[in-house]
Protein chains: 2
Amino acid sequence: MEMNTLNNNNNHHHQSDSSSPPQRKRVMNPVDPEEFRKQGHMIIDFLADYYTKVSNFPVRSQVEPNYLRKHLPDSAPLVPEPIESILEDVQEHIIPGITHWMSPNYYAYFPSSGSVAGFMGEMLSSGLNVVGFNWISSPAATELETIVMDWLGEVLKLPQQFLYKRSNNNGGGVLLGTTCEAVLCTLVAARDKKLSQIGRDNIGKLVVYGSDQTHSSFGKAAQIAGIQNVRAIKTKRSNSFALKADSLLSTIHSDVKNGLIPIYLCATVGTTATTSIDPLMELCDVAKEYEIWVHVDAAYAGSACICPEFRSCIDGIEGANSFSFNAHKWFLTNLACCCLWVKDHNALTKSLSTNPEFLRNKASESKQVIDYKDWQITLSRKFNALKLWLVLRSYGVENLRNFLRSHVNMAMTFEGLVKLDKRFEIVVPRKFSLVCFRVSPSTIARSNYYYYYHDNNNNKNNYDDNYHNGHGYGKLVNDDYLVNELNRKLLESINNSGKVYMTHGEVEGAFMIRFAIGATLTEEHHVIMAWKLIQEHADSLLLGSS
Amino acid sequence: MEMNTLNNNNNHHHQSDSSSPPQRKRVMNPVDPEEFRKQGHMIIDFLADYYTKVSNFPVRSQVEPNYLRKHLPDSAPLVPEPIESILEDVQEHIIPGITHWMSPNYYAYFPSSGSVAGFMGEMLSSGLNVVGFNWISSPAATELETIVMDWLGEVLKLPQQFLYKRSNNNGGGVLLGTTCEAVLCTLVAARDKKLSQIGRDNIGKLVVYGSDQTHSSFGKAAQIAGIQNVRAIKTKRSNSFALKADSLLSTIHSDVKNGLIPIYLCATVGTTATTSIDPLMELCDVAKEYEIWVHVDAAYAGSACICPEFRSCIDGIEGANSFSFNAHKWFLTNLACCCLWVKDHNALTKSLSTNPEFLRNKASESKQVIDYKDWQITLSRKFNALKLWLVLRSYGVENLRNFLRSHVNMAMTFEGLVKLDKRFEIVVPRKFSLVCFRVSPSTIARSNYYYYYHDNNNNKNNYDDNYHNGHGYGKLVNDDYLVNELNRKLLESINNSGKVYMTHGEVEGAFMIRFAIGATLTEEHHVIMAWKLIQEHADSLLLGSS
């Protein structure tokens, strides 16, 4: 290949004129358009073939730790290798080591939904390779982002204060990578707003609020921002694991009494464990009284709110300061794409703006443009909006709604199947496309597994200790422990089969299997197949002796 | 197109067996492999054509603020639009609004070097769409990253403590998005290490160090991390704008005397304004005495250190705790790719790890694997290593070295041309591929521009005030001001021509034009053309009356 030839001499079609110094030899051209075309078509075909075959691969990779080093050389090659060899290695050594998030049989965590449009948007962004830190560095990258976030905000029926144009440029949306960034940026904005009133030395007195169901990124963001007091307010099954406004209020009262200063609440619409929904209206009322910044993390469930029948999940959003959801989770936008809207972008930019000499320019100083560098943690940023723009245009809002509904319908089907099998129970009622279930305690009490365990009770120290060291379960040798154990074994045996991949959650000490529908290729027959597989593994576990 | 058809009925080739509930109608298939293939080939051809034409576009976009809204609809479409219409809009409305970082005539900021291999790696990562937050979520994504960072660390001749395998798994590399993240992560690690010894209430006493040349992301990271005391130690032209160890020491002394606690130094190899190099050895010696974490930010110049003749720039790195450079700047890896190595990854994970129930798994608990979520700010992450792996393999280390050398050689050529024209001066001696120059004060003192200005001196309040409000220059109406003004006008007139794009810097009050070579397509004839253009614009500005 020409591009890989060292010091090739063929590349003198650009002749400098006679007054210039002699043209030096070109080492290589790493953006040779014909090489780009050739390799690009190869990779497209490689991926198209991958999508055709993806349902055949073990969903969760079955490799052992450190499998890859033995397949790869110890050091980087000194000389070029052809793309053909690289793709062979991808096929032979990489594909077996990936967990196939694009598989229709993927039901773990929350799925990450890719699509043709999301991928094409990413290609355009990566191929144009512009850096959009401020307006002048690529005006279209900034302007398309503002426009598309206004579009999507309207589809979500966000209050006008969150839309750039409708809010007279006070609010608006920005595309970040993940919810962690959305939480960190808004938390820092809330922190600095308060500290500018009370003095920076009071950082140790600040306190932030979430529930015990709030995503771990909240605690991590607080840790990064130097905030010590993080409340994870207890929720209960009887209240569907939602954060109650009176629990928030009493926690605030107690903190304020102790001289602490409340600044931030992270409310969740669609929690990770069970997709529970915090009541925004009541929580915002409490927060308002204490001038607390309310961020609404709808990482997963936010997508569903484009459907009128789910929009009520974010009723009360008027009272919040910011709202985010991950378009890469359930909105067909390839990783990573977190949509954040704020009511007052000055609060962000007061904390996050920098104005070094090398970035100064007329447009920024005219205040007629947005510089998104000041709405985020990092300076550099890609042309993020292309992906989301392509998704919205390629599918259209009605199709997107119907697509999400199809996942919810499949989850209803799955839930119905679970309910028909009396050995199982639904742990928390389904709200969107996640079903939380387990083999019920009464089934286990009647099973061979139960008798086997109790017969071997004296030997319990040898029982499963390998796995449970560090889990904190090792000491709870009672029936609750057994119920969790059997469900854990069931999940593990299913995942080891490679036929589907699900992960777990835990509420009030109960281990449950999470069946999260959202992978783009999943159809109803996959869901039905998955349920049969679960039943088969349950059969053999409940009837067998281990 | 089938994929865009609402509720199409053709998609029943997967029949569920007779015992299943009736198959629901498929809304659409957003990962239809044939649609993927068709659109993918279209986009590849679109981008290949773009690279063929990119040198013809105005390098810096010439659009006016808010140009885009009038070309786009007010709201998202309800029904699907074909990819052909979308690509037409990209061509017609987006391309004119982007600043062409891929143009061979791009010399602004530091260029962002894309390549065929970098792009193909991004495509594979985006197409596989795996989320690699922990090992189990995609083992290959984690393991390839560790391996490739060991490869690249060896190419850079980093001390063994920075390499995972060679350090007995204590050190190692991780791929982040940008340097801002590398600085924030290591700063938080250093902060928490100290606070765990002295108590979290002492956060207000912590102090961090950089120079007045350190990148703005350092101050921003400190701001995010809640650290109030940020020292930007003054550098001087006489010392090539490097941070002197004795300046650091005296600043530390004064802080310590005032009861503050030094924790972190951000040293720079290749500063943004002038590519100056902080002396790592001496700085690390000072830092060691005070147990200060030293991070080496080599965002731009780190790439050059793969060449033996530049490796001495990071001599002394043994004494540092962490080192980072941006492979998207000058290492042919499409945006975004920041390479960070640390000597002690436990310092990172102690601050940044989370262990929520839903992510627990056997592999993580075995401690035999890396979970990169604990080395970074966010939870979710792409399969980052593919890009860098493809770059290293597609080009090979020798070719990469020669490619970087070709940029340095072109910069030498340009520097030589500047020196031949007595009207200009080199402001700071060139070290890598950045040339900092300006029209010299003596030239301006002899120019028509100078006489014009002095003739109109009484009218100075009306002179250029539009632009300079907010710049802080407005009041400096003296010859230094005039010199800066003329150079600013020169830069602006060149950039307005669209033929090349350069940006500026400022050292000791002197405005200078930065000519940064690094765009992948730049060849020597482009550089020579750029110089002629600069001369022409200087001619007309120096001879003309405005």
Side-chain angles (χ1 to χ4, degrees), chain A residues 14 16 20 27 30-31 33 36-37 40 43-44 47-48 51-52 61 65 68 76-81 94 97-99 101 114-116 122-123 126-127 129-130 138-140 143 151 178 180 201 204 216 226 334 354 356-357 368-369 378 380 392-393 396-398 402-403 406 506 520 525 528, chain B residues 16 20 27 30-31 33 36-37 40 43-44 47-48 51-52 61 63 65 68 76-81 94 97-99 101 114-116 122-123 126-127 129-130 138-140 143 151 178 180 201 204 216 226 334 354 356-357 368-369 378 380 392-393 396-398 402-403 406 506 520 525 528:
Chain A
H14 294 294
S16 53
S20 317
V27 178
V31 194
F36 178 87
R37 216 182 287 271
I43 304 269
I44 288 295
L47 287 169
Y51 296 138
T52 310
S61 174
L68 189 57
L78 282 177
V79 295
E81 297 180 63
I94 301 299
I98 75 173
T99 292
W101 291 64
S115 72
V116 173
E122 185 72 54
M123 276 177 80
S126 196
N129 206 33
V130 304
S138 253
E143 296 197 12
W151 282 11
T178 72
C180 309
D201 285 337
S216 54
N334 294 43
T354 54
E357 181 61 35
Q368 287 180 57
V369 300
T378 63
S380 292
L392 286 167
R393 294 187 64 182
V397 173
E398 261 317 314
N402 288 332
F403 194 69
S406 78
E506 196 194 274
T520 313
H525 68 96
I528 291 162
Chain B
S16 53
S20 316
V27 178
V31 195
F36 179 87
R37 216 182 287 272
I43 305 270
I44 289 294
L47 287 169
Y51 297 139
T52 310
S61 175
V63 299
L68 189 55
L78 282 178
V79 295
E81 296 180 63
I94 301 298
I98 75 173
T99 292
W101 290 65
S115 72
V116 173
E122 185 72 55
M123 274 176 82
S126 196
N129 206 33
V130 304
S138 252
E143 296 197 10
W151 284 9
T178 73
C180 311
D201 285 337
S216 56
N334 294 44
T354 53
E357 182 60 36
Q368 288 180 57
V369 299
T378 62
S380 291
L392 286 167
R393 294 188 65 182
V397 173
E398 261 317 314
N402 288 334
F403 194 70
S406 77
E506 195 195 275
T520 313
H525 69 96
I528 291 162

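Every chain is numbered from 1 and lettered A, B, ... according to where its sequence line falls, protein lines coming before strand lines.
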OH on B/Tyr51 to CG on A/Asn129, rounded to 0.5 Å | 7.0 Å
Max heavy-atom pair count under 4.5 Å with chain B, selected residue of A/Ile43, A/Thr99, A/Val130 = A/Thr99
Highest number of heavy-atom pairs under 4.5 Å with chain B: which of A/Pro33, A/Pro77, A/Gly114, A/Ser380?
-> A/Pro77
Heavy atoms only: give me the nearest A/Met123-B/Gly40 pair and the separation to one decimal.
-> CE-O, 4.1 Å
Side-chain heavy atoms of B/Val116 within contact of A/Pro30, under 4.5 Å | no
Ranking A/Ile94, A/Val369, A/Leu392 by heavy-atom pairs under 4.5 Å to chain B gives rank one to A/Ile94
Most contact-rich option vs chain B, by heavy-atom pairs under 4.5 angstrom, among A/Gly204, A/Ser126, A/Pro356, A/Ser115, is A/Ser126
Nearest 0.5 Å, what's the OG1-CZ distance between A/Thr52 and B/Arg37?
-> 6.0 Å
Okay, side chain of A/Glu143, backbone of B/Leu68: is any donor-acceptor separation there less than 3.5 Å?
-> yes
Region of A/Thr178 in contact with chain B, defined by heavy-atom distances below 4.5 Å | side chain
Side chain, backbone, both or neither: which part of B/Ser216 has a non-hydrogen atom closer than 4.5 Å to chain A?
-> both
Looking at B/Gly226, B/Cys180, B/Pro65, which makes the most heavy-atom pairs under 4.5 Å with chain A?
-> B/Pro65
